[in-house]
2 protein chains.
Amino acid sequence: MGHSDRRLGSQLPVTPPTLADVAERAGVSRQTVSNAVNNPDLLRPDTLERVRQTIAELGYSPNRAARNLRTRTSSLIGLRFNPVQEGTANAAMDRFVHSLVEASEEAGYHVLLFPGDDEDPVGGYDNLLRSTAVDAFVVTDTYLGNPQAAWLSQQRAPFVAFGRPWDDETARHVWVDVDGAAGIRLATQHLIDRGHTRIAWIGWRKDSPIGEDRRSGWVSTMHANGLSTTGLASRVEDVVHSGAEAAAVLLDESRPTAFVCASDTLAMGVLHTLWIRQLAPGRDIGVVGFDDSQVAQVYPVGLTSVRQPLEDVAVEVVRTLRALLSHQPVASRGVLLEPALAIRESSQPGVPVAGRPA
Amino acid sequence: MGHSDRRLGSQLPVTPPTLADVAERAGVSRQTVSNAVNNPDLLRPDTLERVRQTIAELGYSPNRAARNLRTRTSSLIGLRFNPVQEGTANAAMDRFVHSLVEASEEAGYHVLLFPGDDEDPVGGYDNLLRSTAVDAFVVTDTYLGNPQAAWLSQQRAPFVAFGRPWDDETARHVWVDVDGAAGIRLATQHLIDRGHTRIAWIGWRKDSPIGEDRRSGWVSTMHANGLSTTGLASRVEDVVHSGAEAAAVLLDESRPTAFVCASDTLAMGVLHTLWIRQLAPGRDIGVVGFDDSQVAQVYPVGLTSVRQPLEDVAVEVVRTLRALLSHQPVASRGVLLEPALAIRESSQPGVPVAGRPA
DNA sequence: GTGAAAGCGCTAACAA
DNA sequence: TTGTTAGCGCTTTCAC
């Protein structure tokens, strides 16, 4: 069929040109056009050039559905996108998604978002998998004992987890994670280097493996520096007012000069208590949070915070995914990346904050 | 071909069952199975039941690529996902994406994310469009005079914009937006109702139509209440310290008792200046921001802020998209939704904040 | 190096 | 109401 009348100006043709259109116009077979796109090395240079020219003239781009059907791939990576938790500073997920989109693009993939359903945690995965809508998944919520990773493993579905399989010793899937303990070690040492010796910890409840991991960074660094942790730790819900209460109690009972927190949300609570008590963050009391959220960045007294290298995580996730999908051996089952410390005023005694409470 | 050996336990078969597998097993034709899935009304109840049973037994789910190829659709909505701006409180985009994913799911769509490229703003759109990888786009950055909306219109690509075509009178595409001026009217009236008469505005530079729209809400509400705006307005960059500086200048020169800001980022700057000057937000000076960001929510003195109904925007966007894709007439070219005011301590003189600076 | 044939899994159109 | 035929656009296989 002739398609000479398909294009009007630079407007998209009513129905896009196909391989056959390009072949006819370039005077080659359809297969040669396909090769020009997918295996250019197979063509003679002059043929290749001619075909490429025609492709450009027609604005041809291979039809995704047809290619997907034939190759049994989709170039899509599925990611369950859960709602942000209001009232917290946790937006690491969003930052990760941005990075993942970028990293995927470079590998020729796009990211497909699907909503989570607490009633049926694997439902979304199952649908996409059975309809071969995605090539692989990236799983982000591997803690909480949710069944996704195990379920996907059992289905032999290709996936990479962002997060260690904390509570599953038998897990055999590949994962990428950030060393939270190392981040907190960084934070704790940073405060020690600035002269603090009584450094308190405000973390999550004991049933959070991530929280316990981060906490261990505080404990080990304190002990490594010959400092006591007795009476300096608190475990609370990850909400602002819990952080504020914990800070108040700790200040009254243990006189810490600094706080390391498991999250920016808790750190905000600490800052609130300091404000109430007219203590200046940084000068009077050091405070460090975790996640380098927007809150940490725009809070008037910049909040020092552990920053996860989410860009690197995304790159590593995509790299692992590619290996998985091309059936290459995966170098190692897990990759642990080092976070950094975003240092701001809240941990800097040397940087007095203008107009601190008298 | 027989697929009896395809399934092992509840594990995903090596190659998923097809329509033909279901048809053979149910003793019907392929078309009948297809109808059972897509036009169940056409089947006799007992046939339908039998086919459905077989579908369930086999765990059959229609192959997406095949369906896409045949129907020339993808059930995918493309969305350009730009990186968050660090150092600001603007995360409305992320919240919108969450809502869009949910709303799309209910309409049978998934959201495909692709990265933006400042060098080639329409590149990502062009690729997806020409390869028929998505059915439609949602465009979120319609201001800034960027060419996406116009380009997509010219390509006759189905899309809905979140945001009005501010700077293009000739635009004919459909859009959904939030009435920023109405939000600011709400904020301003709220402050007036609480006794403020000298209410200052801190907004963006004049070349931002969104900023000018929001500003108009302040102007109109002030005038409607017989209040002067003279010397009470400032236009700055959307960064914290600009907000802080503007607040300082305004306080010195015009003695406002409250601030309405075009963004939470600017409001944070105001709060910083108040803190430096030992003025209590809410009691001494009222402050209202815009976007109800996480920052507004977790800041120790809760920041009153205009909240965009992003969930409703997403629902409206998807509804419009469906109409567009099914070639139904679109009711109206533009839909304007009303924001709400999330009231917190920063605008409440009646709610004294514990431990405010003496 | 290039071309012809086959078929991926599905659904629109039509026939029975 | 159900079945048959054809073909969406592409790539894999194999012949030339």
Side-chain angles (χ1 to χ4, degrees), chain A residues 1 3 6 13-52 54-55 58-75 108 129-133 135, chain B residues 1 3 6 13-52 54-55 58-75 108 129-133 135:
Chain A
M1 52 178 167
H3 276 190
R6 270 184 170 169
V14 181
T15 147
T18 71
L19 205 72
D21 297 329
V22 178
E24 189 187 353
R25 176 145 176 177
V28 295
S29 75
R30 282 153 55 216
Q31 183 47 39
T32 300
V33 180
S34 176
N35 284 337
V37 174
N38 302 307
N39 301 90
D41 296 345
L42 293 180
L43 299 202
R44 230 179 20 221
D46 59 327
T47 313
L48 180 59
E49 179 50 38
R50 188 155 42 99
V51 174
R52 281 198 166 149
T54 310
I55 287 176
L58 256 38
Y60 168 74
S61 188
N63 179 298
R64 267 309 226 286
R67 171 178 278 179
N68 293 350
L69 177 57
R70 187 65 241 245
T71 60
R72 296 170 176 286
T73 61
S74 67
S75 301
L129 197 54
R130 286 211 320 255
S131 58
T132 57
D135 289 346
Chain B
M1 53 177 167
H3 277 190
R6 270 184 169 170
V14 182
T15 147
T18 71
L19 205 75
D21 297 329
V22 177
E24 189 187 353
R25 177 144 175 179
V28 296
S29 75
R30 282 152 57 214
Q31 185 51 37
T32 301
V33 180
S34 176
N35 283 338
V37 175
N38 301 307
N39 302 90
D41 296 345
L42 293 180
L43 299 201
R44 223 171 35 211
D46 60 328
T47 313
L48 179 59
E49 180 50 38
R50 187 156 41 100
V51 174
R52 281 200 166 147
T54 311
I55 287 176
L58 257 38
Y60 167 75
S61 188
N63 179 297
R64 269 307 227 285
R67 171 177 278 179
N68 293 352
L69 177 58
R70 187 64 244 240
T71 61
R72 296 170 176 285
T73 61
S74 66
S75 301
L129 198 53
R130 286 213 320 255
S131 59
T132 57
D135 289 347

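The chains referred to below are lettered A, B, ... by the order of the sequence lines, with proteins before strands, and numbering in each begins at 1.
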* Rounded off to whole Å, could you give me the CG-to-P distance for the B:Asn68 and C:dC8 pair? => 18 Å
* Asked: What parts of residues 33-45 of chain B reach DNA chain D, counting only heavy atoms under 4.0 Å away?
  -> B:Leu42, B:Leu43, B:Arg44
* Asked: Among C:dT11, D:dC10, C:dA4, which is the nearest nucleotide to the side chain of B:Gln31?
  -> C:dT11
* Taking OP1 and OP2 of D:dT11, is either one under 4.0 Å from a side-chain nitrogen or oxygen of A:Arg67? -> yes
* side-chain contact (heavy atoms from CB on, under 4.5 Å) between B:Val37 and B:Ile55: does it pass, once the steps are laid out? -> CA-CA 9 Å; B:Val37 175; B:Ile55 287 176; 3.9 Å; yes
* To do: Measure the distance from CZ on B:Arg30 to P on D:dT5 and round it to the nearest whole Å.
  => 10 Å
* To do: Check the pair B:Arg52, B:Leu43 against side-chain contact (heavy atoms from CB on, under 4.5 Å), reporting the backbone distance first and the verdict last.
  => CA-CA 11 Å; B:Arg52 281 200 166 147; B:Leu43 299 201; over 6 Å; no
* To do: Counting heavy atoms from C-beta on, name the nucleotide in D:dG3, D:dG9, D:dT11 closest to the side chain of B:Ser29.
  => D:dG3
* Structure fact -> In B:Val22, B:Asp21, B:Thr18, the residue satisfying side chain to side chain contact (heavy atoms under 4.5 Å, CB included) with B:Val33 is B:Val22
* Taking atom types as modelled, is there a side-chain donor on A:Ser74 or A:Asn68 under 3.5 Å from an acceptor on the other? -> no
* **Angle by which the axis turns from one end of the helix from C:dG1-D:dC16 to C:dA16-D:dT1 to the other, five pairs per end, to 10 degrees** => 30°
* Asked: So how far is it from B:Leu69 CG to B:Asn63 CG, rounded to the nearest 0.5 Å?
  -> 10.0 Å
